[in-house]
Amino acid sequence: MEPDPTSLSKVAAAETGSRPDQLRRVALASAVGTTIEWYDYFIYSTAAALVFGSQFFSTLEPASATLAAFATLGVGFLARPVGGIIWGHFGDRVGRKAMLIASLLLMGFATVGVGLLPTYDQIGLLAPVLLLVLRLLQGLSAGGEWGGAALMAVEHAPEGQRGKYGSYSQIGVPAGLILAQLVFVALGPLDDEQFASWGWRLPFLFSIVLVGVGLFIRLRIEESPVFTALRAENVRARVPMIDVLRERPRELLVASASFIANTAIGYVFLAYLLSYGTSVLKVDRTTMLLVVIIGSVSWLVSIVVSAQWSDRVGRKPVYLVGSVLLVVWPVPFFLLIDTRSTALMILAVIVLTIGLGASYGPQSALFAEMFDARYRYSGASFSYAVGAVLGGGFAPLIATALQTSTGTSLSVSAYMVVVAVISLVAVIGIRETRRV
């Protein structure tokens, strides 16, 4: 049965935003919460590049062990669409806030669990199996975290500023990456033996403190005014994902495909680059971490600028700028990285992350505007998760395999160009949503 038009008009009226004090609180909760979530996610990526091969796959050759470590990274992505469906369903039925808290707790549990996990030398095959299980739990959490944080920020935002406030959920990705890399830099004084035996565990155990901070902030925010109106008017979708598939299949397709390049190239930058620089180019770990941190700062700034720009000119033009840059830059990117010059490597990552920021900053507002409020959490989360698994899920693994088999980084550049072209085609097919 179709919802009553009068009830839907009351829901639409709730899209005009919250009072200023609550808006600031929600923006902080969105930014801090996603930063903590992605810190947890990224310390896994960093550890996979640096140490998981030797800790959990020690019976394999070093190159094969790195591939196996990156495979566990990719498997976590496979759980994200499932997480998107689960969190999306309850986010559309129970509420946005409850799912934000639940996803943060699950991510924290899985991350601390990795920090306490015995190695292969201690418990044998059970070690990589448990690592895989904990990675799957991280994937389930990540599948719903972004949707909740993005919708809380966008649905509390005033009209005409959805891009700006939606960017608070987006900056959690580079901010979490910066925090993760800084923690690993702080471990720089440890020698290789100390780092391998116990040092790598500290960033995972530190997560329990960050989760406590995130919970304190998220418990103090109010429910989204849009969901409050949905509940009051009794127009929530009974099975949100089914309604999305029936009413918005085109939006699901183009939204998912538009995110493939950003997440694939993003994970080449944040996970594979560190491994490539240290193991293939023989650049020291601290230098490569510094390059990634500087690129992450550039990514964060470009997210904020592009999101606010999208409030003025529209989501699609900004997306197109970022998507085109991701098509043309991969070849110059690796040519500069291969020089081993710190300055040129920094230039390479700055330009790349400008493209990543422009194709990510407006995403919260765009995805929220593409789906009706009744099934918005499900539609946005599922699109985000599918794009992530198709793009970023196995990007470091693919990049490692390509470079190993061909002996040249240009094969990785070619892979990046292919996924970028796919997303560019999808972005061209997106309908402008800024005034929706």
Side-chain angles (χ1 to χ4, degrees), residues 38-79 106-142 176-177 179-211 267 270-280 282 284-286 288-289 292 393-394 396-397 400-401 404:
W38 289 109
Y39 164 83
D40 289 353
Y41 217 62
F42 289 146
I43 57 174
Y44 189 101
S45 302
T46 304
L50 295 176
V51 75
F52 278 177
S54 61
Q55 295 296 303
F56 297 101
F57 305 96
S58 55
T59 58
L60 302 177
E61 293 295 323
S64 299
T66 300
L67 284 171
F70 280 148
T72 66
L73 179 69
V75 167
F77 278 84
L78 296 178
L106 181 60
M107 181 67 83
F109 168 80
T111 304
V112 173
V114 173
L116 297 173
L117 196 61
T119 65
Y120 186 93
D121 291 341
Q122 293 170 319
I123 60 172
L125 187 60
L126 186 59
V129 170
L130 290 175
L131 180 68
L132 191 63
V133 170
L134 292 171
R135 180 59 182 172
L136 286 170
L137 291 179
Q138 281 193 325
L140 285 174
S141 174
L177 178 58
L179 182 58
Q181 304 303 331
L182 285 175
V183 170
F184 276 98
V185 168
L187 299 176
L190 300 179
D191 60 36
D192 290 343
E193 183 178 350
Q194 291 172 320
F195 181 77
S197 63
W198 55 268
W200 67 268
R201 298 180 182 275
L202 298 181
F204 291 88
L205 300 178
F206 179 59
S207 176
I208 195 169
V209 177
L210 299 178
V211 169
Y267 267 85
L270 62 90
Y272 173 71
L273 181 61
L274 184 60
S275 173
Y276 177 72
T278 55
S279 63
V280 178
K282 305 302 180 183
D284 69 271
R285 187 176 74 212
T286 301
M288 289 308 303
L289 285 170
V292 173
F394 294 94
L397 178 64
T400 301
T404 302

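Position 1 is the first residue of the sequence, and the numbers go up from there. When reading the values below, keep in mind they use all heavy atoms of this one structure, side chains included, and skip hydrogens, waters and symmetry mates. Note that the structure is a prediction, hence the values are computed from the model and not measured.
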Output yes when a side-chain donor or acceptor of [X] lies under 3.5 Å from a complementary backbone atom of [Y], and no otherwise.
| X | Y | result |
| --- | --- | --- |
| Ser141 | Gln138 | no |
| Arg201 | Leu117 | yes |
| Gln55 | Ala196 | yes |

Mind checking the [atom1]-[atom2] spacing from [X] to [Y]? Nearest 0.5 Å is all I need.
| X | Y | atom1 | atom2 | value |
| --- | --- | --- | --- | --- |
| Thr278 | Arg285 | OG1 | CZ | 9.0 Å |
| Ser207 | Phe204 | OG | CZ | 9.5 Å |
| Thr59 | Leu125 | OG1 | CG | 9.0 Å |
| Leu270 | Leu177 | CG | CG | 5.5 Å |
| Leu134 | Phe109 | CG | CZ | 6.5 Å |

Least distance between heavy atoms, [X] atom then [Y] atom:
| X | Y | value |
| --- | --- | --- |
| Ala127 | Pro118 | CB-O, 3.4 Å |
| Gln194 | Leu190 | OE1-CA, 3.5 Å |
| Ala48 | Ala69 | O-CB, 3.6 Å |

Checklist entry - Between Val183 and Leu202, is a side chain to side chain contact (heavy atoms under 4.5 Å, CB included) present by the stated rule, with each step listed? => result CA-CA 9 Å; Val183 170; Leu202 298 181; 6.0 Å; no
May I ask you to check whether over 12 heavy atoms, not counting those of [X], lie within 6.0 Å of atom [atom1]?
| X | atom1 | result |
| --- | --- | --- |
| Asp192 | CG | no |
| Gln122 | CD | yes |
| Leu182 | CG | yes |

Quick check: do [X] and [Y] have side-chain heavy atoms less than 4.5 Å from each other?
| X | Y | result |
| --- | --- | --- |
| Pro128 | Phe57 | yes |
| Leu205 | Val112 | yes |
| Leu210 | Leu179 | yes |
| Phe206 | Ile43 | no |
| Leu140 | Leu137 | yes |

Item to check | Phe56 and Leu130: CA distance, side-chain angles, deciding distance, side chain to side chain contact (heavy atoms under 4.5 Å, CB included) verdict | outcome: CA-CA 10 Å; Phe56 297 101; Leu130 290 175; over 6 Å; no
Next on the checklist: Before you tell me yes or no, could you show the steps for Val51 and Phe184 under side chain to side chain contact (heavy atoms under 4.5 Å, CB included), namely the whole-Å CA-CA distance, both residues' side-chain angles and the distance that decides it to 0.1 Å?
Outcome noted: CA-CA 12 Å; Val51 75; Phe184 276 98; over 6 Å; no
Checklist entry - For residues Tyr39 and Thr111, is any side-chain donor paired with an opposing acceptor at under 3.5 Å? => result no
Next on the checklist: If we check ring-ring contact (aromatic ring centres under 6.0 Å, His included) with Trp200, which of these qualifies: Tyr44, Phe52, Phe195?
Outcome noted: Phe52
Checklist entry - Could you walk me through whether Ser58 and Thr119 pass the side chain to side chain contact (heavy atoms under 4.5 Å, CB included) check? => result CA-CA 9 Å; Ser58 55; Thr119 65; over 6 Å; no
